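No experiment lies behind these values; they were computed from the predicted model shown.
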Amino acid sequence: MRSYSTTVLAQLFGFLAIILLLVWLLHYREGIEYDSEDALRVFNVHPFLMFCGFIFLAGQAILAYQTVPGDHQTQKMVHMTLHFIAIILGIVGICAVFKFHNMVNLVNVYSLHSWIGIGTFCLFGLQWLFGLVFMLQRSPQSRAAAVAPIWHISGGRALFYMAIAAALTGLMERYTMLRLQPHQSESHLINFTGLAILLFGVFVEMSVGLAHILNAE
């Protein structure tokens, strides 16, 4: 029951973050369109896909593997598939911000947000490849069988939080670039969006931790 409650909260905050993000991008900004001639509409593809398509789906993949009852092999397949979709959408999101920078003649990969984001995404891709290799390995050595899943799980959870850190620094970077005043409704919306993203990550982590405790009992 405890794991179930935190999973529900994770889903609520995840969907709340998506709703707030859409309100921000569609109502306060220029909208979302990758092939637009408006550079700002192209840029908005980036935050939309990096959270909705990458972080949110990565969180769902973690929850599917750790908290949803079912056959272990099926859990692994759902876990890997959701992560693969997240990576594809993340690639599109990263391409969008590079396209935006080229359209406005802005230097690429210059901020802490971009350093964290690019590093996290590259490591995430390697993590997925290692997980795929281990899953397809039919007769792993006993030591590898014992150690690899531990490193994979620990690394995956660390990368999930690194992705959230990238999202939050990205929101703050955008907040600064827009030069918003603290009393403006848009600034409040950005802050609430960041809090929803953070709480999504917190409750995903709590769900996983409680699932481990309940499975061990």
Q: Start with the C-alpha distance between Q127 and L159, add both sets of side-chain angles, then the distance that settles side chain to side chain contact (heavy atoms under 4.5 Å, CB included), and finish with yes or no.
A: CA-CA 9 Å; Q127 167 90 343; L159 287 170; 3.9 Å; yes
What's the spacing between [X] [atom1] and [Y] [atom2] if we round to 0.5 Å?
{"X": "T193", "Y": "L198", "atom1": "OG1", "atom2": "CG", "answer": "12.5 Å"}
{"X": "N108", "Y": "S114", "atom1": "CG", "atom2": "OG", "answer": "8.5 Å"}
{"X": "L210", "Y": "T6", "atom1": "CG", "atom2": "OG1", "answer": "5.0 Å"}
{"X": "I164", "Y": "T169", "atom1": "CD1", "atom2": "OG1", "answer": "11.5 Å"}
{"X": "L22", "Y": "H27", "atom1": "CG", "atom2": "NE2", "answer": "13.5 Å"}
{"X": "I62", "Y": "R157", "atom1": "CD1", "atom2": "CZ", "answer": "8.0 Å"}

Q.
Going by side chain to side chain contact (heavy atoms under 4.5 Å, CB included), name the residues that satisfy it together with Q184, two or more places apart in sequence or in a different chain.
A. L180, Q181, S187
How far apart are the closest heavy atoms of [X] and [Y], and which atoms are they?
{"X": "I55", "Y": "F200", "result": "O-CE2, 3.9 Å"}
{"X": "L49", "Y": "G93", "result": "CD1-N, 3.8 Å"}
{"X": "S185", "Y": "Y28", "result": "OG-OH, 2.9 Å"}
{"X": "G31", "Y": "N44", "result": "O-ND2, 2.7 Å"}
{"X": "L20", "Y": "A196", "result": "CD1-CB, 4.4 Å"}
{"X": "L21", "Y": "P47", "result": "CD2-O, 3.5 Å"}

Same cluster or not: [X] versus [Y], using hydrophobic residues (I, L, V, M, F, W, Y) connected whenever any side-chain heavy atoms lie under 4.5 Å apart?
{"X": "V104", "Y": "I32", "result": "yes"}
{"X": "F121", "Y": "L129", "result": "yes"}
{"X": "M172", "Y": "M177", "result": "yes"}
{"X": "Y175", "Y": "L26", "result": "yes"}
{"X": "L123", "Y": "V109", "result": "yes"}

[X] versus [Y]: any side-chain heavy-atom pair under 4.5 Å?
{"X": "Q60", "Y": "V78", "answer": "no"}
{"X": "I94", "Y": "M50", "answer": "yes"}
{"X": "I85", "Y": "L89", "answer": "yes"}
{"X": "H46", "Y": "Y34", "answer": "no"}
{"X": "E186", "Y": "L178", "answer": "yes"}
{"X": "D35", "Y": "K99", "answer": "yes"}
{"X": "L171", "Y": "I197", "answer": "yes"}
{"X": "E37", "Y": "V42", "answer": "no"}

Q.
Does anything in residues 77-99 form a ring-ring contact (aromatic ring centres under 6.0 Å, His included)? List the pairs, not counting sequence neighbours.
A. Y65-H79, H79-H83, H83-F124, F84-W128
(Q) Tell me if the centroids of the rings in F56 and F15 come within less than 6.0 Å of each other. (A)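 Between F56 and F15, the centre distance is under 6.0 Å.
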**Q.** Lys NZ or Arg CZ of R174 over F43 ring: under 6.0 Å, within 45°
**A.**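 Geometry flag: set, cation within 6.0 Å and 45°.
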Q) Going through the distances and angles, do I91 and I87 end up as a side chain to side chain contact (heavy atoms under 4.5 Å, CB included)? A) CA-CA 6 Å; I91 290 172; I87 290 171; 4.2 Å; yes
Q. Would you find a donor on one side and an acceptor on the other, under 3.5 Å apart, between the side chain of R41 and the backbone of S36?
A.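 Such a contact is absent between R41 side chain and S36 backbone.
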Q.
Using side chain to side chain contact (heavy atoms under 4.5 Å, CB included), reason through E205 and F160 one step at a time and then give a plain yes or no.
A. CA-CA 9 Å; E205 177 65 22; F160 179 62; 5.9 Å; no
